[in-house]
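See structure below.
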Amino acid sequence: MAAEPTAHELLRKHRPTLDQALEAIRTRAYWSPHPEHPKAYGENGSLDAAAGKAAFDALLGNRLDLADQPGIDDWVGGEVSPYGIELGVTYPHPDIDVLLPAMRAGQRAWRDAGPELRAVVCLEILKRISDRTHQFAHAVMHTSGQAFMMAFQAGGPHAQDRGLEAVAYAYAEQVRTPEQAEWTKPQGKRDPLVLTKRFTAVPRGIGLVIGCNTFPTWNGYPGLFASLATGNAVLVKPHPRAVLPLALTVRIARDVLAEAGFDPNLVALAAERPGEGIAKTLALRPEIKIIDYTGSTAFGDWLETNAHQAQVYTEKAGVNTVIVHSTDDYQGMLSNLAFSLSLYSGQMCTTPQNLLIPRDGIATDQGHKSFDEVTADLARAVDGLLGDDARANALLGAIVNPDVKARLEAAAGLGEVALASREVAHPEFPGAVVRTPVIVKLDGAKPDDEAAYMSECFGPVSFAVAVDSAADAVELLRRTVREKGAMTVGAYTTDAATEQAVEEACLEEAAQLSLNLTGGVYVNQTAAFSDFHGSGGNPAANAALTDSAFVANRFRVVEVRREA
């Protein structure tokens, strides 16, 4: 049996990584300690592909044991993979009147450990999650519907990067104030006034992480690790269709905390019975002082309005827009957009929905292209990208729930279809629901069409919206972000004045902008340590992943003064 890690060993092991993360968020340069390639795993304690798959298979049909978690009053489950298989895993259901007091009991020792030790304990949790990336990849794939490679990368190293990024920001904010200071105020001929002052970062209380179905780890880890690193206990309430990845995370976190000499109940799981709606109950508990939520606008708004006792961080829904005005790389633009619309069947909060195209067409390096030509060429680009079923399955993944499928099917009736959706058979999982995107042409001047493109249609649905001019496109973009919010904005233009107008609109409306992407970087992807996911400045989200504002209000600094 391995010896329990001491504080000194954890500092020696992880302080260099923490320092690199601090440097990365300062420079915003590319950096990641977590390998993206599956073949990078299998040494130094990490699971290779075969071992990771076997570890996942061993979970199916069994209880995921958190037997030492207090207040277990039932075992619940019911996840069905979007690929058509029943997972059969059951999880502990909490008696929250027992669990929440138990979670608070360990906070004093965790607070007194200080920012540095808390940070390296968090990094040890992330390291052990990283070692099981192959297992997590299957867990994410079969709860979110992501294709395996996307589940591996987004659910594994990219999620781990976001967790580490949150730890780095949390550490930086906590050590901004020194732990101790000597204060001397001259008094002229009299003796000076001398005080010794001690400053302690104290946690707010228990943080609640409300997980989402589509990106359980990527969206869950920032809040989890930001709260834990700032001294708070964390209760993880997964989406009922995506419990497994976060339950595995909780189990690993509890193991590491216990081995490091802390109360494992600093991290706990709250799985729910079908239809129970435990998130609403938990969100209003007086013990819950921080809430992290990713999901629908309706529930995000409810949390912001009703959970007055908590600091609430939400990532909700928006209407992401791309202005297509002109380009000097027409094929590159089409390829980039086709990939952006197709990746994970558009089931990303960053996927473009509205493509604003002048009705008189656009200037390109291949000559003038009419509105109809642009939409037809984009449809052909998507068809070409997804024409091979094997490649289509690898990019699209599976439709995550019946609501997405219903929206996709209804979208064809909203206007002229430029690209019809088709069904793709999955050779390994015949029960998977796989569909290619639909592109519908709408007119930006028609009120009936506005009702469609001004509402979020989450899934593989996009609208090619005809507008009168570049100025009209910018004004519609501005109104969309202001009224509906946006996680991402894109624009293609070779005109300096148009580019400046788009940039100014995004600065004023606080929307993250990508300009003229024609290569291997896409509008719906963000890199930890460099890109901000959301801005916190428009209705799509009240927080950004990750910035100082995301961590700084999870703790307060309490001062104790003594006369020296």
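Numbering starts at 1 and runs along the sequence shown. Just so it is clear, the structure is predicted and the values come from calculations on it, not from any experiment.
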*Report yes if some heavy atom in the side chain of Leu47 is under 4.5 Å from a heavy atom in the side chain of Tyr41; otherwise report no.*
no
_Using 0.5 Å steps for rounding, measure from the NE2 atom of His34 to the CG atom of Leu126._
5.5 Å
*Measure the shortest side-chain to side-chain distance between Thr488 and Ser514 over non-hydrogen atoms and say whether it is less than 4.5 angstrom.*
no
_Short side-chain to backbone donor-acceptor contact, Asn320 and Cys349, under 3.5 Å_ = yes
*Is any side-chain N of the basic residue among Glu9 and Arg12 closer than 4.0 Å to the acidic one's carboxylate O?*
no
*Take atom CG of Asn44 as the centre, draw a 6.0 Å sphere, and report whether it contains more than 12 heavy atoms from other residues, nucleotides or ligands.*
no
*Measure the CZ-CD distance between Arg478 and Glu509 for me, rounded to the nearest 0.5 Å.*
5.5 Å
*Less than 4.5 Å apart, any side-chain heavy atom of Leu248 and any of Leu64?*
yes
*Any side-chain heavy atom of Leu123 sitting closer than 4.5 Å to one from Leu164?*
yes
*For residues Thr249 and Tyr221, is any side-chain donor paired with an opposing acceptor at under 3.5 Å?*
yes
*Is a salt bridge present between Lys484 and Glu456, judged by a nitrogen-to-oxygen distance below 4.0 Å?*
no
*Could you verify whether a donor N or O on one side chain and an acceptor N or O on the other, from Thr196 and Arg562, lie under 3.5 Å apart?*
no
_N/O donor-acceptor pair under 3.5 Å between Gln309 side chain and Ile288 backbone_ = yes
Could you tabulate the donor-acceptor pairs under 3.5 Å formed by side-chain atoms of residues 167-174, not counting sequence neighbours?
| unit_1 | atom_1 | unit_2 | atom_2 | d |
| --- | --- | --- | --- | --- |
| Tyr169 | OH | Arg28 | NH1 | 2.7 |
| Tyr171 | OH | Arg15 | NH1 | 3.0 |
| Glu173 | OE1 | Arg176 | NE | 3.4 |
| Glu173 | OE2 | Arg176 | NH2 | 2.7 |
| Glu173 | OE2 | Ser548 | OG | 3.0 |
| Gln174 | OE1 | Arg118 | NH2 | 2.5 |
| Gln174 | NE2 | Ala170 | O | 3.0 |
| Gln174 | NE2 | Ala229 | O | 3.1 |

_Pairing residues for Ala105 by the side chain to side chain contact (heavy atoms under 4.5 Å, CB included) criterion, not counting sequence neighbours_ = Asp263
*asked:* Under 4.0 Å between a side-chain nitrogen and a carboxylate oxygen: does that hold for Asp68 and Arg254?
replied: yes
_Test: Glu124 and Lys127 ion pair at under 4.0 Å_ = no
*Enter the distance from Leu257:CG to Leu228:CG here, rounded to the nearest 0.5 Å.*
6.0 Å
*Have Arg204 and Asn553 got a donor and an acceptor in their side chains that come within less than 3.5 Å?*
yes
*Indicate yes or no for a side-chain donor-acceptor contact from Thr314 to the backbone of Tyr293 under 3.5 Å, with no hydrogens or angles considered.*
no
*Between the main-chain N or O of Glu43 and the side-chain N or O of Asp48, is there a donor-acceptor pair closer than 3.5 Å?*
no
*Look at the side chain of Arg63 and the backbone N and O of Trp75, then say whether any donor-acceptor pair between them is shorter than 3.5 Å.*
no
*When you look at CZ of Arg111, are more than 12 heavy atoms from neighbouring residues, nucleotides or ligands closer to it than 6.0 Å?*
yes
*Determine whether Val209 and Val234 make a side-chain contact, defined as any pair of heavy atoms from C-beta on separated by less than 4.5 Å.*
yes
_Side chain proximity check, Ile278 to Pro94, heavy atoms < 4.5 angstrom_ = yes
_I want to check something: taking the side chain as every heavy atom from C-beta on, are Leu343 and Tyr522 in contact at a cut-off of under 4.5 Å?_
no
*Sequence neighbours left out, what pairs pass salt bridge (Lys or Arg N to Asp or Glu O under 4.0 Å) with at least one residue falling in residues 296-307?*
Asp301-Lys316, Glu304-Lys316
_If I take atom OG1 from residue Thr200 and atom CD from residue Glu179, how far apart are they, to the nearest 0.5 angstrom?_
7.5 Å
_Residue pair Val256 / Cys122, side-chain heavy-atom distance below 4.5 Å_ = no
*Within a reach of under 6.0 Å around CD of Gln500, are more than 12 heavy atoms found that belong to other residues, nucleotides or ligands?*
no
*asked:* Can a side-chain donor-acceptor contact be found between Thr133 and Gln160 if the only test is distance below 3.5 angstrom?
replied: yes
*Got a sec, which pairs hit side-chain hydrogen bond (donor to acceptor under 3.5 Å, both in side chains) with one end in residues 228-243, sequence neighbours left out?*
Asn213-Arg241, Thr230-Asn232, Lys237-Glu272
*Any luck finding a side-chain donor-acceptor pair between Thr546 and Glu165 under 3.5 Å?*
yes
*Measure the acute angle between the ring planes of Trp218 and Phe215, then classify it against the limits of 30° and 60° as parallel, tilted or perpendicular.*
perpendicular
_N/O donor-acceptor pair under 3.5 Å between Glu287 side chain and Ile206 backbone_ = no
*asked:* Does anything in residues 183-192 form a salt bridge (Lys or Arg N to Asp or Glu O under 4.0 Å)? List the pairs, not counting sequence neighbours.
replied: none
*Any donor and acceptor pair, going by atom type alone, linking the side chain of Thr305 with main-chain N or O of Trp302 inside 3.5 Å?*
no
*Any cation-pi pair here, Arg554 with Tyr313, using under 6.0 Å and within 45°?*
yes
*Could you give all pairs that pass the side-chain hydrogen bond (donor to acceptor under 3.5 Å, both in side chains) test and reach residues 528-538, with sequence neighbours left out?*
Glu315-His533
